[in-house]
Amino acid sequence: MKFICIGRNYAKHIAELKHETPKEPVFFLKPDSAITRCNRPFFIPDSLGQIDYETEVIVKINRLGKCIAEKFANRYYEEIGLGVDFTAREMQKACIEAGNPWEIAKAFDGSAVVGKFLNKSQLPDVQNLHFHLLLNDRKVQEGHSADMLFSIDRIISYVSRFITLRTGDIIFTGTPVGVGPVHIDDHLQGFLEGEKLFDFKVK
Ligand code: MG
């Protein structure tokens, strides 16, 4: 499986990092070795500088798809969850400034936290989902999927023009505003529509 991650999908987050608003979805990949499964600790990597949390709605692809029309994209996922796209922020800035790929800042081991999934039949409209992150019991990020610049179906349609989607692939749909650094012993809890989907410690 692979992780497909969308960058710059919420206007206020684009403003907080002083990025340009994209005309098409911006995406990058993480390998399967990036996974941190449900509630296992996240280990801060050595020599990557500041590591930021980015809490994101995630979507699990449930069938093979290529060049998927947006109107059929909802047939390609049943499960929606919440994850963290851990990012080495200083490294990412250096990559952007140098015009280099972002992988060193985004694809490192453990950088893709995958929480529990919910069946979309248990949820309201996927573009009307509220989610938040508690860092040491304090709410630090709050998002609403209605604020995505590119909807989940649009993302699936766009990405599948270039990359075949396979069963088990996971899409990270971008972070809302409020990203910030993690430190050893931090406790992160993520909630989607009031349901806790991840709960882990930073080591
Ligand atoms: Mg992200």
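Small disclaimer: the values here were computed from a predicted structure and weren't measured. Order of appearance sets the numbers: ligands from 1, and atoms from 1 within every ligand. The figures that follow rest on heavy atoms only: side chains count, while hydrogens, waters and symmetry mates do not.
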**Study point:** Expected output: side-chain S145 to main-chain V126 donor-acceptor under 3.5 Å
**Key:** yes
Review point. Under 30°, 30 to 60°, or over 60°: which ring-plane class applies to F172 and F3, parallel, tilted or perpendicular?
Key: perpendicular
Check your understanding: Are I14 and Y158 joined in one hydrophobic group, where the rule is that I, L, V, M, F, W and Y side chains link up if heavy atoms are under 4.5 Å apart?
Key -> yes
Check your understanding: Leaving out waters, which are not shown anyway, how many protein N, O or S atoms lie closer than 2.8 Å to the Mg ion (ligand 1)?
Key -> 3
Exercise for review: List the steps and the verdict of ring-ring contact (aromatic ring centres under 6.0 Å, His included) for F42 and F86.
Suggested key: CA-CA 9 Å; F42 167 70; F86 275 117; 3.8 Å; yes
Revision key, fill the gap. Per side-chain contact (heavy atoms from CB on, under 4.5 Å), F198 is matched among T55, T36, L192 by T55
Review point. Any side-chain heavy atom of H13 within less than 4.5 Å of one from P176?
Key: no
